[in-house]
Protein chains: 2
Amino acid sequence: MTKRAISIATVAAEAGVGVGTVSRVLNGSDQVSEATLKRVLSTIERLDYRPLRSASSLSKGRTDAVGILVSVITRPSVMARLVGVIDVLSDAGLDAVVFNVENRAQLDRHLSSIIDQRRVDGIISISLRIPKERIARIRKLSIPLVLVDNSLPNLPCVYIDDVEGGKMATEHLLSLGHRRIGFIGDNARSDLGMSASENRYAGYLMALEAAGIEPDFDLVARGPHSSEAAAVLASALFELRKRRPTAIFASSDTLAVGVIKAAQQHRHKIPDDLAVIGFDNLEVSSILDISTVNQPLLESGIKGASKMVSLLNGEIAKPHREQLVLDVVPRGSSLGIQGNIPTKLYGVVEGPHGLQILQGGEELVS
Amino acid sequence: MTKRAISIATVAAEAGVGVGTVSRVLNGSDQVSEATLKRVLSTIERLDYRPLRSASSLSKGRTDAVGILVSVITRPSVMARLVGVIDVLSDAGLDAVVFNVENRAQLDRHLSSIIDQRRVDGIISISLRIPKERIARIRKLSIPLVLVDNSLPNLPCVYIDDVEGGKMATEHLLSLGHRRIGFIGDNARSDLGMSASENRYAGYLMALEAAGIEPDFDLVARGPHSSEAAAVLASALFELRKRRPTAIFASSDTLAVGVIKAAQQHRHKIPDDLAVIGFDNLEVSSILDISTVNQPLLESGIKGASKMVSLLNGEIAKPHREQLVLDVVPRGSSLGIQGNIPTKLYGVVEGPHGLQILQGGEELVS
DNA sequence: TCCCAATTCGGAACCGGTTCCATGGCATGA
DNA sequence: TCATGCCATGGAACCGGTTCCGAATTGGGA
């Protein structure tokens, strides 16, 4: 309706060169003489010309965008990974197209639209299991696929050993002398294949067995992934009275928060009456002084996206499959040492309108 | 390298029709006879053909993608809005391209690349102020722009009245008899223009003035947006001994968590020694029984994205500028009523391997 | 039986870049 | 001086869809 947007032809005409030359300038070819380069660049500048993305996508045969499949995105752990992924892609000049997946049907719909329409150059899957037949199809089209927080043979992925993590958490409680250790985890969701909680449960069982303790399934409870649900489940475990657990391993910090809240309601002192350990080392566990198993969340996203960038550059992702390390972070909820608030580098100063902590003390990522 | 992907020409040849006809079938034109329609459809099915996104983008002149600019994405409040946006866009068949913005330079870089290369059809900005000159440019190119958690004249936006919210929170504390009310908020960040905390502070001052209370700037503190920082600041306020606040308004729930933690460390009973109210009504405030001001986070994303969908369909976004309502959610941290854990619909049942809360009781969004 | 309008359809032109090939100019070496 | 070769360059062909125009077919009415 208004005047037509300037195209590469306009620039070429204006600069008195051919379209090929302008294209070469845009793509930084060295086949252009100094003088022409300068002239074309100044024309581009003067006309404020930018090549149209979809046109270059069409002829180049790639989109410079990466699709990110994310399970229930609201979980803080998932989010941390996502942030890592987005930041790396953005630095590499790639668009991050995010697809939120909440059930199997959505997963299928998104996958087929992504794959078949080639709207992205690669796919990163976060905390999600992709069905076998889809993987085969992706392979056949040779679209790079990277798994984050998941592992499959022959595919580049970044993952942790959830079984080992569950074992570590349980061993921590065992080492403190606990024998009746409860487990609170997520409902198994076979549709999306988020198996972290169940794997941690497996580790829990292994640790108990190694310690010669018969597992008591009355101390095991599962529910939706929310603090509220965990609190309800913990309350149910407390109803066992004498037979109640002296310690609980919650398969994520979000659940651990609920457990602690329930314990407070029931007037159980932490950690004397009930020790608690969570998983993930979310910010909330630090401030609430909850023991946990640390896993590098942000890092998993960063490493996963880096692999994708390598693959798109035709390189081979250096460590093809990468397992990140876990470590127990003991805090007040199991040790009972009154941990002080971590002041880190924070320095409180007198500001213009009250007290102030100056920025930069903040844990900035990049 | 391998056999060339099938194109619309292949389908046309195979079905014995012209490319135009195939295109009409793809786009649901009614200018196609029943018989041809069926034949083309079956050919498409047989060849498993899908039109290439970038090709159709080029000729249609649109990308069917929306750019989402997000401030520091890690904040739960921002995340909730983002989820709302993504879900609505996804339902409308639009790609969500997410850009994480952590400083002014990034904002500029992303904006120019988005706008100039026309890689998206519209832009949604979440909790972010777009510089005036950029807005002008976006307007000139007539690219739809929707603001979420921000408001500017003549632009479609979804927002709340932060000043009013700050007033409501403070009035809640005043109504409980508190006179020495502290404020803990974020550092002002002029670069990204996230002014929510400062606006809530303005409301705090207004409420105090309306109650005839002289503001005491010794009770005001600002720092980075984290629980840890808030805990440190709250501790500093407690050092005032006799002059210390009897209540604190934290400009977000994340900060309120830190305040409560600090109070516990200092052996201040909540709410008797110290009442606390936050802002946002995050999940954590519910489980920790923290009073707060509820704002519809998910809804803001949903409404913002809906406006975008309307705009892209050439319609006019119905309520052009939409202000969402706030309401105080009084909980234990100010009222002191021992709120029980909200059990909602949760029913605990005996599962195959321990107790279980069946899914569906979970607060599913869509 | 003939004419006109409506319906359906084929295919060229086009969207705006990229790439490859042919060309012309210049320098170098014999 | 001429042959050789390299480098810079113009421009056609192409990427894979969409759209529009003109043609062919059909049906109905006179």
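Here the side chains of A:I302 and A:S306 are in contact, with some heavy-atom distance below 4.5 Å. Residues B:L107 and B:P131 form a side-chain contact, since some pair of their non-hydrogen atoms from C-beta on lies under 4.5 Å apart.
In plain terms, the two heavy atoms of A:S151 and A:L147 that are nearest each other are C-CD1, 4.2 Å. Residues A:I8 and A:V19 share a closest heavy-atom pair of CD1-O, 3.9 Å. Across A:N100 and A:S71, no two heavy atoms sit closer than the pair OD1-O, 3.4 Å.
Per the geometry, CZ belonging to B:R50 stands 17 Å off C1' belonging to D:dG16, to the nearest Å. Atom P of nucleotide C:dG17 and atom CG of A:D64 are separated by 15 Å, given to the nearest angstrom. Going from atom CD1 of B:I8 over to atom P of C:dC15 covers 18 Å, rounded to whole Å. Put simply, OH on A:Y49 is 10 Å from P on C:dG16, counting in whole angstrom units. In this structure, CZ of A:R53 is placed 17 Å from C1' of C:dC15, rounded to the nearest angstrom. Rounded to whole angstrom, the span from the CG atom of A:L52 across to the P atom of C:dC15 amounts to 12 Å. Remark: C1' of D:dG17 and CZ of A:R119 are 16 Å apart, rounded to the nearest angstrom. When rounded to the nearest whole Å, the span between CG of A:L26 and C1' of C:dT19 equals 14 Å.
Taking every heavy atom of residues 55-63 of chain A and every atom of DNA chain C, pairs under 4.0 Å involve A:A55, A:S56, A:L58, A:S59, A:K60, by number. Listed by residue number, A:D30, A:Q31, A:V32, A:S33, A:T36 are the residues of residues 29-39 of chain A with a heavy-atom contact under 4.0 Å to DNA chain D.
Taking side-chain N and O atoms only, A:T21 has a distance below 4.0 Å to OP1 or OP2 of D:dG10.
Residue contacts for A:V17: at a heavy-atom cut-off of 4.0 Å it reaches the sugar-phosphate backbone alone, with no base atom in range.
Within a 6.0 Å sphere centred on CD of A:E315, other residues, nucleotides and ligands contribute more than 12 heavy atoms.
With distances taken from any side-chain atom of B:V19 to the nucleotides D:dG17, D:dA12, C:dA12, the minimum falls on C:dA12. Side-chain proximity of B:S23 to the nucleotides D:dG16, C:dG17, D:dT18 is greatest for D:dT18.
In this structure, the separation between CG on B:D149 and CZ on B:R81 is 3.5 Å, given to the nearest 0.5 Å. Note that CG of A:D95 is 12.5 Å distant from CZ of A:R119, once rounded to the nearest 0.5 Å.
Of the residues B:V120, B:I86, B:L312, the one that meets the side-chain contact (heavy atoms from CB on, under 4.5 Å) test with B:V66 is B:L312.
A donor N or O paired with an acceptor N or O is found under 3.5 Å between the base of D:dG10 and the side-chain atoms of A:R24.
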